There are 2 protein chains.
Amino acid sequence: MAAESMSLLGLEKTSLRQQALAALRRAITTGELAPGTHLVETELSETLQISRGTLREAMRELQQEGLISAGARGRLSVRHLDAKEIRDIFSVRAALESLAACELCALEDRASVIKELRAAIDEMAEAAEDGLEGRIEADLNFHRTMCRLTGNETLLHSWRSLEGNIRMSIMFAGLERAVRNMDVKRHSDIVDALETGDAAKATETIGAHMEGAASVLVG
Amino acid sequence: MAAESMSLLGLEKTSLRQQALAALRRAITTGELAPGTHLVETELSETLQISRGTLREAMRELQQEGLISAGARGRLSVRHLDAKEIRDIFSVRAALESLAACELCALEDRASVIKELRAAIDEMAEAAEDGLEGRIEADLNFHRTMCRLTGNETLLHSWRSLEGNIRMSIMFAGLERAVRNMDVKRHSDIVDALETGDAAKATETIGAHMEGAASVLVG
DNA sequence: AACAGAACAACTGTCAACAGTCGTTCCCGG
DNA sequence: CCGGGAACGACTGTTGACAGTTGTTCTGTT
């Protein structure tokens with residue numbers, strides 16, 4: 001059906017479920033669907049032009065991702081975050097990324113890892129002009145890359161399941177405030193620590209970074 | 001329909017989806033469904049006496065939980081863990097539980113927390129005669145309780161999404177070997193550290209516990 | 001005017017059926 | 001004997017419809 005968006009090389013036939021999942025995730029994390037909004041299956045399925053069954057599958061994933069929460073009687077609505085929850089999210093995030101840093105420090109050959117991370121930081125710098133969304137994307141990409149490079153799939157998976165919540169936190173605080181955390185130097189410090197292989201320093205840097213970030217967001 | 005299992009006080013109307021979810025989770029984590037088994041929707045829906053749509057929703061949750069993985073063409077099968085993945089899982093677990101310990105240590109009034117944790121340990125001791133499954137249940141309950149008592153919902157959620165994998169790891173190694181990690185004293189040490197409020201010592205104890213546990217499992 | 005009760009409407013839970021796709025088997029021509 | 005291809009079978013992707021439940025509104029009675 002949808003022959004659109006199929007790059008010949010990256011052969012990605014994406015199911016309706018995945019499209020719906022991506023669309024909903026985006027709508028929620030950009031605020032298009034405001035927190036607290038009741039997600040009525042019949043409405044949404046009509047809007048997205050898919051059947052309820054297909055939609056429901058996507059909703060289950062969103063639910064487990066923490067973007068939508070179940071109220072009474074299976075009623076689903078967009079999750080609402082308060083300040084404490086944001087701090088909690090960033091605590092867990094710090095723990096995961098600290099582990100990532102430790103594992104990277106324990107690697108024998110960190111050269112290629114460092115190189116890739118520096119590339120990610122360069123992209124952040126380039127994205128500085130691209131507007132707010134681009135910077136956020138680049139920032140998340142850096143942190144996700146760090147988790148991915150450990151080769152610890154479970155770690156990456158856990159981080160990913162937090163990514164939606166992180167995006168919601170950013171939206172909650174407002175983009176202008178959030179970009180204050182996207183400083184290039186702060187991220188360079190992390191990579192510098194990784195390069196020396198000093199795990200303690202790396203985790204400390206990340207912990208400080210996250211604590212600061214959470215404080216900025218809940219302001 | 002199923003008026004069974006409805007204690008008047010604990011009003012639990014459980015949907016078919018949740019029942020299927022629980023049944024599948026149990027079947028997988030007990031080895032009843034061996035790793036690598038292809039999960040054919042039509043077969044399973046017939047076995048469980050539910051429709052495919054309902055089953056599919058449950059399968060999505062299992063998938064995101066990491067218990068089943070998608071092969072080519074949406075074909076789902078029971079996930080197979082190797083030694084490295086088990087170590088990875090326990091690394092992440094250690095990171096999460098260390099965070100839990102830190103947050104508990106930071107609490108002003110830890111008395112009630114300590115009390116509840118000691119109660120959980122007592123249950124472990126009592127379960128010692130109840131057979132292998134009971135001991136594992138009690139052990140997981142202790143660690144889950146620790147995460148829950150932090151009040152950090154995100155942390156608890158992340159830990160929960162790891163629980164299935166932990167159970168699979170235990171099954172992978174075999175119950176006899178796994179129960180070697182269920183030592184009461186090892187857990188008492190953790191609570192002792194928490195009681196003193198020494199976060200560094202608590203995280204260290206947990207880290208050692210997890211590393212040891214992983215080693216025993218992959219041994 | 002206040003209230004009980006009945007029709008109504010809005011949703012979610014669940015199901016059975018259709019459509020599309022990929023691997024497999026079997027047959028036929030070389 | 002062997003290779004191409006056509007029919008077949010086995011699944012998953014997707015859909016529309018039915019059933020049950022809960023909140024709501026409207027009406028009739030006191």
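Convention: sequence-line order gives letters A, B, ...; per-chain numbering from 1. Owing to the predicted nature of the structure, the values given are computational and were not obtained by experimental measurement.
- Taking a 4.0 Å limit (strictly below) on heavy-atom distances, residues 60-71 of chain B reaches DNA chain D at B:Arg60.
- The side chain of B:Arg73 lies closest to C:dC22, out of D:dT21, C:dC22, D:dG13.
- The NE2 atom of B:His38 sits 13 Å away from the C1' atom of D:dT12 (whole-angstrom rounding).
- One atom, CD of B:Gln18, and another, P of C:dG13, lie 9 Å apart when rounded to the nearest Å.
- For the pair B:Leu16 CG and D:dG20 C1', the computed distance is 13 Å after rounding to whole Å.
- Among residues at least two apart or in separate chains, side chain to side chain donor-acceptor pair (under 3.5 Å) pairs with a member in residues 112-122 of chain B are B:Glu116-B:Arg148, B:Arg118-B:Asp192, B:Arg118-B:Glu195.
- Near DNA chain C, defined here as any heavy-atom distance below 4.0 Å, the residues from residues 40-59 of chain A are A:Val40, A:Glu41, A:Thr42, A:Arg52, A:Arg56, listed numerically.
- The list of side chain to side chain donor-acceptor pair (under 3.5 Å) pairs with a residue in residues 68-82 of chain B, not counting sequence neighbours, reads B:Arg79-B:Glu85.
- In this structure, B:Leu76 and A:Arg75 both approach DNA chain D, and ranking their closest nucleotides by distance from the 5' end singles out B:Leu76.
- A:Arg135 has no carboxylate O lying under 4.0 Å from a charged side-chain N of A:Asp139, or vice versa, which leaves the two without a salt bridge.
- Under the side-chain contact (heavy atoms from CB on, under 4.5 Å) test applied with A:Val92, the options A:Leu96, A:Asp88, A:Ile89 reduce to a single match, A:Leu96.
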For a quick test of your reading: what N or O donor-acceptor pairs under 3.5 Å do the side chains of residues 44-53 of chain B make, sequence neighbours left out?
| unit_1 | atom_1 | unit_2 | atom_2 | d |
| --- | --- | --- | --- | --- |
| B:Ser45 | OG | B:Glu41 | O | 3.1 |
| B:Ser45 | OG | B:Thr42 | O | 2.9 |
| B:Thr47 | OG1 | B:Glu43 | O | 3.1 |
| B:Ser51 | OG | B:Thr54 | N | 3.4 |
| B:Ser51 | OG | B:Thr54 | OG1 | 3.2 |
| B:Arg52 | NE | B:Glu41 | OE1 | 3.0 |
| B:Arg52 | NH2 | B:Glu41 | OE1 | 2.8 |

Side chain to side chain contact (heavy atoms under 4.5 Å, CB included) between B:Val113 and B:Leu194, worked out: CA-CA 9 Å; B:Val113 168; B:Leu194 289 179; 5.6 Å; no
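- Of the charged side-chain nitrogens involved, at least one lies within less than 4.0 Å of a carboxylate oxygen, so that B:Glu32 and B:Arg26 count as a salt-bridged pair.
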Return a table of donor-acceptor pairs under 3.5 angstrom between the side chains of residues 209-219 of chain A and protein atoms on other chains or two or more places apart.
| unit_1 | atom_1 | unit_2 | atom_2 | d |
| --- | --- | --- | --- | --- |
| A:Ser215 | OG | A:Glu211 | O | 3.1 |

